[in-house]
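What follows is a single structure, written as structure tokens, with notes after it.
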Amino acid sequence: MTLPLSGLLVVSLEQAVAAPQATCRLADAGARVIKIERPEGDFARSYDAYVHGESANFVWLNRGKESVVLDLGKPADKALLAAMLAKADVFVQNLKPGAIAKLGFPIAELRKKHPRLICCSISGYGESGPYTTRKAYDLLVQAEVGLASITGGPEAPARVGFSVADIGAGMNAYQAILEALIARDRTGEGTAISVSLFDAMAEWMTVPLLSYEGGHPFKRIGLAHAAIAPYGVFKSRDGIDLLISIQNDREWRVLADKVLGDVTLASDPRFATGIARVENRAATDRLVGDAFARFDAAALMALLETADIAFARVSDCAALSVHPHLRRISVDTPSGPATMPAPAPVLEQTRRYGAIPKLGEHTDTIRAEFLNNISEGERP
């Protein structure tokens, strides 16, 4: 099976999560991804040792890549990178702004020298602006952009439970690269792309920001929705937490009749509209909580499903591990196969996924392949 990006060469000077997220998707789609690592390796390799002794983050985001170790303080290794870039379709890097230029590869010069090259730079705050030189990691950006202020319960701000800023930036970079590849097919020209963790999260904060600027700031209310009620967690008689979501007044009327057992609540002015239910959230939630407490979870879930009310059981990772709806893929790692959740798109044709490379596994073959593009005096 020929994959959509087969024949494309991606060179990525990457580490951690955001850039590997983007290039992992490119590799999944068939691109050849050469991952440039420093001699000690991508530091994500040592985040943990939870997957056969390998890092869970690294195993998730580096399948199907070729690992090449370069010391870019050495002229010969710089020459080898230059030779790879001369053949590349896409160059991805997530060094601190300015670092790639100091190494001798300023993006503007690469674009002049290689007009078809698509260059994507990923950083905490982007290539311009007052914070551009500030060091940034995922949780720092969650705090800076205000995401932490609307996450968690009333008592304190909280972190989203995984690296959402990194992942958001990586997926934005992947999308922008695909757009640039389509544009290049039409124009023959590459482009320069800059994606920041801050911008990725700031865009996702649009609704809370517009709500604040409209005089209605979000409040932290835990597993509930600041602008919709009832939309939260309620406990069954046997102590199981179930989360329901009533998105509109029609659904409220169904809930009142089929689950709460009181059809008059549908026309009660305290609850008849979404705005009224939010204004009377405590009373709304009390009605739902009292009704749910009359049923064991199994009976309650059957009732909700019959009434076509949106609900979910509040699960943990143990429940996800055996969830009947979870799709998995298998990926080879240096220490043995690992299974993990499958990428979200379900494709007509089954896709096989590449292996996780050992550090520097492909260095020698890459050197040999690209030596023809390096003069005798610069050969490693």
Side-chain angles (χ1 to χ4, degrees), residues 17 20-21 24-25 27-29 44-64 138-139 142 151-153 158-168 170-171 222-225 230-247 255 259 288-289 291-356:
V17 175
Q21 169 76 256
C24 178
R25 300 302 183 190
D28 285 351
R45 286 182 179 272
S46 57
Y47 275 165
D48 58 65
Y50 300 153
V51 184
H52 309 312
E54 311 283 346
S55 160
N57 271 277
F58 194 86
V59 167
W60 175 37
L61 296 176
N62 289 281
R63 58 182 177 260
D138 181 89
L139 180 53
Q142 289 192 38
T151 304
R159 171 186 181 267
V160 175
F162 51 86
S163 300
V164 63
D166 278 316
I167 295 166
M171 294 306 287
L223 263 182
H225 196 290
Y231 195 155
V233 178
F234 302 93
K235 200 174 289 290
S236 66
R237 183 168 59 189
D238 51 348
I240 303 299
D241 286 334
L242 296 177
L243 191 150
I244 67 163
S245 171
I246 299 301
Q247 293 279 324
L255 182 76
V259 180
V288 177
F292 275 36
R294 297 197 298 267
F295 300 92
D296 287 341
L300 182 56
M301 288 190 289
L303 184 60
L304 291 168
E305 192 150 7
T306 299
D308 199 26
I309 298 296
F311 73 94
R313 185 166 178 159
V314 181
S315 298
D316 55 15
C317 285
L320 176 61
S321 182
V322 295
H323 200 288
H325 210 74
L326 178 65
R327 296 181 301 109
R328 289 181 179 263
I329 60 172
S330 180
V331 173
D332 289 333
T333 80
S335 305
T339 64
M340 65 188 75
V346 178
L347 306 171
E348 281 189 354
Q349 294 177 304
T350 302
R351 182 172 288 183
R352 295 190 64 179
Y353 295 90
I356 309 302

| message | Please check this pair: side chain of D238 against backbone of D296, looking for a donor-acceptor N/O pair closer than 3.5 Å. | response | no
Taking every heavy atom of V51 against every heavy atom of A338, the minimum-distance pair comes out as CG1-CB, 3.6 Å
Tell me whether R352 at atom CZ has more than 12 heavy atoms from other residues, nucleotides or ligands lying less than 6.0 Å away. no
When every non-hydrogen atom of S321 is compared with those of L326, the smallest separation belongs to O-CD2, 4.4 Å
Open item on the list: Less than 4.5 Å apart, side chain to side chain, heavy atoms only: is that true for L242 and F234?
Closed with: no
>> Using only atom types and a distance under 3.5 Å, with no angle test, would you say the side chain of S335 pairs donor to acceptor with the backbone of H52?
In response: yes
With heavy-atom distances below 4.5 Å as the criterion, would you say the side chains of Q21 and D166 are in contact? no
Side-chain donor or acceptor of N57 paired with backbone N/O of A44 under 3.5 Å
no
Exercise. For the pair R327 (side chain) and P343 (backbone), establish whether a donor and an acceptor sit closer than 3.5 Å, ignoring hydrogens and angles.
Key: yes
Separation between CG (L61) and OG (S55), nearest 0.5 Å, reads 9.0 Å
Value for CG (L300) from CZ (R237), rounded to nearest 0.5 Å, stands at 10.0 Å
Is any side-chain heavy atom of V59 closer than 4.5 Å to one of M340? yes
Check: A318 main-chain N/O paired with D316 side-chain donor or acceptor under 3.5 Å
yes
Donor-acceptor contact below 3.5 Å, side chain Q142 vs main chain V160: yes
- Should we say atom CD of E305 is surrounded by more than 12 heavy atoms from elsewhere, each under 6.0 Å from it? no
Separation between CH2 (W60) and CZ (F162), nearest 0.5 Å, reads 7.5 Å
task = Answer yes or no: is there a donor N or O on one side and an acceptor on the other, between the side chain of T306 and the main chain of A302, under 3.5 Å?
result = yes
### Whether D138 side chain and V164 backbone form a donor-acceptor pair below 3.5 Å
yes
dist I244:CD1 -> L255:CG (nearest 0.5 Å) comes out at 5.0 Å
Legend entry - Donor-acceptor under 3.5 Å (R63 side chain, G354 main chain): no
### R313 atom CZ, over 12 foreign heavy atoms within 6.0 Å
no
(Q) Closer than 3.5 angstrom, by distance alone: can the side chain of R25 be matched with the main-chain N or O of M171 as a donor-acceptor pair? (A) no
Separation between OH (Y231) and CD (Q247), nearest 0.5 Å, reads 5.5 Å
In this structure, CG of L304 is separated from CZ of F295 (nearest 0.5 Å) by 9.0 Å
